[in-house]
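For reference, positions follow the sequence shown, starting with 1.
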Amino acid sequence: MLELSLVLVIVLMVGSASITYAFASERDRAQAPARMEAQQVAQPSHFFAPTEIVKPPRIPRELAISRLEQHVRQERAAVEQFPESPSRQSLRANTSSPFLN
């Protein structure tokens, strides 16, 4: 008899908890559109990008080509020096080029 009463109490507790959860989730679903509208108003339309796109300054084609050629020459010189004195520092060393290595 004791086991039957314990089972009955547990079933009643689980049932009341599930009914309470169902009502709470239904109430949240009813309030969700209002919350979504508030969030849409609060967030700017340009979340990841600025509203104005800033274009980099244009440089003459010849100047760009000469800068790239200079960069290639510096990288080649660094590569040619490496077999003469290989080390971790010389492998990771940056050249004086304005471009990233």
_Straight-line distance of E69 CD to E62 CD, nearest 0.5 Å_ = 11.0 Å
_Hydrophobic cluster of V72, others only, ordered by chain and residue number, side-chain cut-off 4.5 Å_ = none
*Nonpolar side-chain network containing L12, other nodes, edges under 4.5 Å*: L8
_Whichever hydrophobic residues join I10 through chains of side-chain contacts under 4.5 Å_ = V14
*Could you pull out all residues at least two apart from I19 that satisfy side-chain contact (heavy atoms from CB on, under 4.5 Å)?*
F23
*Any residue meeting side chain to side chain donor-acceptor pair (under 3.5 Å) with R73, in chain and number order, not counting sequence neighbours*: Q70
*Quick one: hydrophobic cluster around I65, which other residues, with the 4.5 Å side-chain cut-off, linked directly or via members?*
none
